[in-house]
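Remember, predicted model here, so these are calculated numbers, not experimental data. Letters A, B, ... are given to chains in the order of the sequence lines, protein chains preceding strands, and every chain is numbered from 1.
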Amino acid sequence: MPELPEVETVRLGLQRLLPGRVVTSAVSDTDKSFPNALSDIQVFLVGASVVTVARRAKVLLIELSSKYSLVVHLKMTGQLVFVGTEERFGAGHPNDSLVGHLPDRSTRVTLEFADGSHLYFNDQRKFGWMRLLPTAEVPMLDFFQKVGPEPLSSDFSWRDLQARLLRRKNTNIKAALLDQTVVAGIGNIYADESLWGAKIHPTTIVRDITESQFKALYEALTAVLRLSIAKGGSTDKNYVNAEGKRGSYLDFASVFRREGLPCPRCGTIIIKSRVAGRGTHTCPHCQPLSK
DNA sequence: CACTTGACCTGTCCGC
DNA sequence: TGCGGACAGGTCAAGT
């Protein structure tokens, strides 16, 4: 569920909250969530300070003064929530908070900082992970070797999107968009939203997509990603930002989780189907089946 | 090699 | 009310 806009929203929050803080302890409840040896954690994490927080694709990179980085993938239900000292014994996060008092039963890793503040890695389904790695080795990870370009980078054009997607020319466009080696950061929400924006049916085979459709898809994709970042991402069930708060993009979504409701463009009822093994939302009028 | 499907997990919801 | 099963969907391994 955390896709590019959600992970970027978490990054923006952590970049505001973490740099300069010194880690004083790190506790993990499962090897699966944080598989590093305790000795490495003691040497390269405890005592180090946070330098900066970066992102590549859906992966967060918390760079440390020890020349190591915490590499974090939230997968489906992961959260990274910072709790400052002023909130420590209060009623938790106010307003649009989705988390109660932390740690809770989904907390997998707890980092404590020198001033008594905490960073909690919560993950209900345990798909996500956090790993401590020398910063110089991060780009060598298999995932980073294979992952595609950032869709919002200034040198990524509609021609680039077209060329990357055509690497999967015999599959359907939704599967191609979800393939992280084609373009980084797109998941189920923004695949559906951008295909609706470009008026392309998700089962359309990539080789059958026209130039003007590729161009429209590029415009729609970059627009929905930017809008979602501006709205703090999408909260469906679990996603929260670094302060434990929801994102509001789904209030602006056109098709995702809107089956049975009218298409914002033409009023036709939106339907849900299954494409590429994923729940898929389309407007039958705006996104006709090709061939 | 290209492509599709299943596994990994747990909480929630739906039908009986 | 309880219970089984379907579903959620990011990524990798296994299967076709």
A.B. asks: Using a 4.0 Å heavy-atom cut-off, does Arg257(A) contact any base of the nucleic acid, only the sugar-phosphate backbone, or nothing at all?
C.D. replies: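 Sugar-phosphate: the residue Arg257(A), judged by heavy atoms under 4.0 Å, touches backbone atoms but no base.
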A.B. asks: Where the side chain of Glu193(A) meets the backbone of Ala253(A), is there a donor-acceptor pair that is under 3.5 Å apart?
C.D. replies: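 Side chain of Glu193(A) to backbone of Ala253(A): no pair is present.
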A.B. asks: With rounding to the closest Å, how many angstrom separate the P atoms on dC1(B) and dT11(C)?
C.D. replies: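 It works out to 22 Å between them.
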A.B. asks: Do Gln287(A) side-chain atoms and Lys199(A) backbone N/O form a donor-acceptor pair below 3.5 Å?
C.D. replies: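 No, because the side chain of Gln287(A) does not come within donor-acceptor range (under 3.5 Å) of the backbone of Lys199(A).
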A.B. asks: Nucleotide by nucleotide, 5' to 3', does protein get under 4.0 Å of the base (B), only the sugar-phosphate (S), or neither (-) in nucleotides 10-16 of chain C, counting heavy atoms?
C.D. replies: BBS----
A.B. asks: Side chain of Arg108(A), backbone of Lys32(A): donor and acceptor closer than 3.5 Å?
C.D. replies: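 Judged by distance alone, no pair lies under 3.5 Å.
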A.B. asks: dG9(C) and dC3(B): how far apart are their P atoms, nearest whole angstrom?
C.D. replies: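 Going atom to atom, P in each nucleotide, I get 23 Å.
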A.B. asks: In dot-bracket form, 5' to 3', how is DNA chain C paired? Count Watson-Crick and G-U wobble pairs only if both distances fall under 3.5 Å, and write | where the partner sits on another strand.
C.D. replies: .|||||||.|||||||
A.B. asks: Rounding to a whole Å, what distance do you find between Glu259(A):CD and dA8(C):P?
C.D. replies: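 Between P of dA8(C) and CD of Glu259(A): 9 Å.
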A.B. asks: Other residues, nucleotides and ligands only: do more than 12 of their heavy atoms fall within 6.0 Å of CG on Asp31(A)?
C.D. replies: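 Not more than 12 within 6.0 Å, no.
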A.B. asks: Side-chain atoms of residues 222-233 of chain A: list all donor-acceptor pairs with protein atoms under 3.5 Å, sequence neighbours left out, distances to 0.1 Å.
C.D. replies:
unit_1    : atom_1 : unit_2    : atom_2 : d
Thr222(A) : OG1    : Tyr218(A) : O      : 2.8
Thr222(A) : OG1    : Glu219(A) : O      : 3.2
Ser228(A) : OG     : Tyr190(A) : OH     : 2.6

A.B. asks: Thinking salt bridges, do Arg16(A) and Glu243(A) make one under a 4.0 Å N-O criterion?
C.D. replies: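 Glu243(A) and Arg16(A): salt-bridged.
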A.B. asks: Given that Lys237(A) and Thr171(A) both sit by DNA chain B, which one's nearest nucleotide is further toward the 5' end?
C.D. replies: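 Its nearest nucleotide being more 5', the pick is Thr171(A).
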A.B. asks: Can any side-chain N or O of Arg258(A) pair as donor or acceptor with the backbone N or O of Pro262(A) at less than 3.5 Å?
C.D. replies: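 Yes, Arg258(A) side chain to Pro262(A) backbone: donor-acceptor pair under 3.5 Å.
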A.B. asks: Could you tell me how the ring of Tyr68(A) sits relative to the ring of Phe44(A): parallel (under 30°), tilted (30 to 60°) or perpendicular (over 60°)?
C.D. replies: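 Because their plane-to-plane angle is under 30°, the rings of Tyr68(A) and Phe44(A) count as parallel.
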A.B. asks: How is the hydrophobic cluster of Leu261(A) composed, in terms of its other members, when Ile, Leu, Val, Met, Phe, Trp and Tyr link through side-chain heavy atoms under 4.5 Å apart, directly or indirectly?
C.D. replies: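 None, because no other hydrophobic side chain comes under 4.5 Å of this residue.
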A.B. asks: With a 4.0 angstrom cut-off to heavy atoms of chain A, pull out the first and last contacting nucleotide of DNA chain B, in 5'-to-3' order.
C.D. replies: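 So the outermost contacting nucleotides come out as dC3(B) to dG11(B).
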A.B. asks: Check this for me: does any side-chain nitrogen of one of Asp160(A) and Arg164(A) sit under 4.0 Å from a carboxylate oxygen of the other?
C.D. replies: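 Judged by the 4.0 Å cut-off on N to carboxylate O distance, Asp160(A) and Arg164(A) do not form a salt bridge.
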A.B. asks: Using ring pair (Phe, Tyr, Trp, His ring centres under 6.0 Å) as the criterion, list what pairs up with Phe113(A), not counting sequence neighbours.
C.D. replies: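 None.
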